[in-house]
Amino acid sequence: MPDTLALLPGSLFITSYACAPFSQHARCLLVYGMLPFLVTYCTMKLANPPDFEHDMALYKAEHTTLSNRLVHIFTTPVILGAGIVFAAYVPPPFASLCRNGRFCNAASSSRQCARFVDMFDWPMLFVGALASQHIRLAPIAGCCVTLLELAMALSATALVKREGRKADAKGVPCTPGRAARVAGSLSLFSWWAQLHVGHRILEPDGYRVPFPPEFYSLTSAVIDAPLFVWFIW
């Protein structure tokens, strides 16, 4: 996919991701705007032969020092986890169908319906889209990375639900966002560590392009970085 086609979703991603710790509307925009693009991108990639060796060589060329690689090893899971936490705040896509009785029939219990909704919430769909790309590029490593991402998705969903239950127990209106603010703060520090410390300070040549790799190859960074980090550690 040409980089010019990624400018619009890239701008949408940066804007909504930056506002997601403070705004439920931004979290919804992040999910509804980026997940369809992510699924479309992965589908297009599935139609083409994988070129993982070339992509891995390019990634290593952009992360030449051990210190920069260590920065990315520790901060990439934080950035990915923060995005999953943001997605956990958005109502699951099938929740309204279950509430209206359009999906679950009269014989179906509410617990079974809730279990189905939890299986296909936004964090799980996000991990599923990533898994299709990771397992295709590197089956064994992709499965391992997918298991870690699955653990992130389950933990994020449980954390957000726990936050809502606490608000209900106190008898106050639920204003979710504490976990999102914590995740956003950690993510902001991680982006700063990667872009400034990793690529500007720790790399011997500094920025070799007007922007670091995460900007001119944002799509690849978001989708493939967790898998690349697995191989460089």
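The analysis underlying the following values was restricted to heavy atoms, covering all of them including side chains, and did not include hydrogens, waters or symmetry mates.
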So, the side chain of [X] versus the backbone of [Y]: is there a donor-acceptor pair under 3.5 Å, distance only?
X      : Y      : result
Tyr89  : Ala20  : no
Glu163 : Ala179 : yes
Thr76  : His72  : yes
Ser155 : Met152 : no

When you group the ILVMFWY residues by side-chain heavy-atom contacts below 4.5 Å and let the links chain together, are [Y] and [X] in the same group?
X      : Y      : value
Leu195 : Tyr17  : yes
Phe231 : Leu70  : yes
Ile140 : Phe228 : no
Met56  : Leu227 : yes

Which distance, rounded to the nearest 0.5 Å, do you find between the [atom1] of [X] and the [atom2] of [Y]?
X      : Y      : atom1 : atom2 : answer
Thr75  : Leu80  : OG1   : CG    : 11.5 Å
Thr146 : Ile135 : OG1   : CD1   : 4.0 Å
Asn68  : Ile73  : CG    : CD1   : 10.0 Å
His134 : Trp230 : NE2   : CH2   : 12.0 Å
His199 : Thr65  : NE2   : OG1   : 9.5 Å
Cys19  : Arg27  : SG    : CZ    : 11.0 Å

Minimum heavy-atom separation for [X] and [Y], please, with both atom names.
X      : Y      : answer
Ala180 : Pro21  : O-CB, 3.6 Å
Ala153 : Ile84  : CA-CG2, 3.6 Å
Pro123 : Thr157 : CG-OG1, 3.9 Å
Val78  : Ser190 : CG1-OG, 3.3 Å
Val71  : Leu202 : CG2-CD1, 3.8 Å

Student check: side-chain heavy atoms of [X] and [Y] closer than 4.5 Å:
X      : Y      : result
Met124 : Val127 : no
Phe86  : Trp122 : no
Val229 : Arg69  : no

- prompt: Mind checking whether Trp192 and Phe189 have parallel, tilted or perpendicular rings, split at 30° and 60°?
  reply: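 Tilted: the ring planes of Trp192 and Phe189 meet at 30° to 60°.
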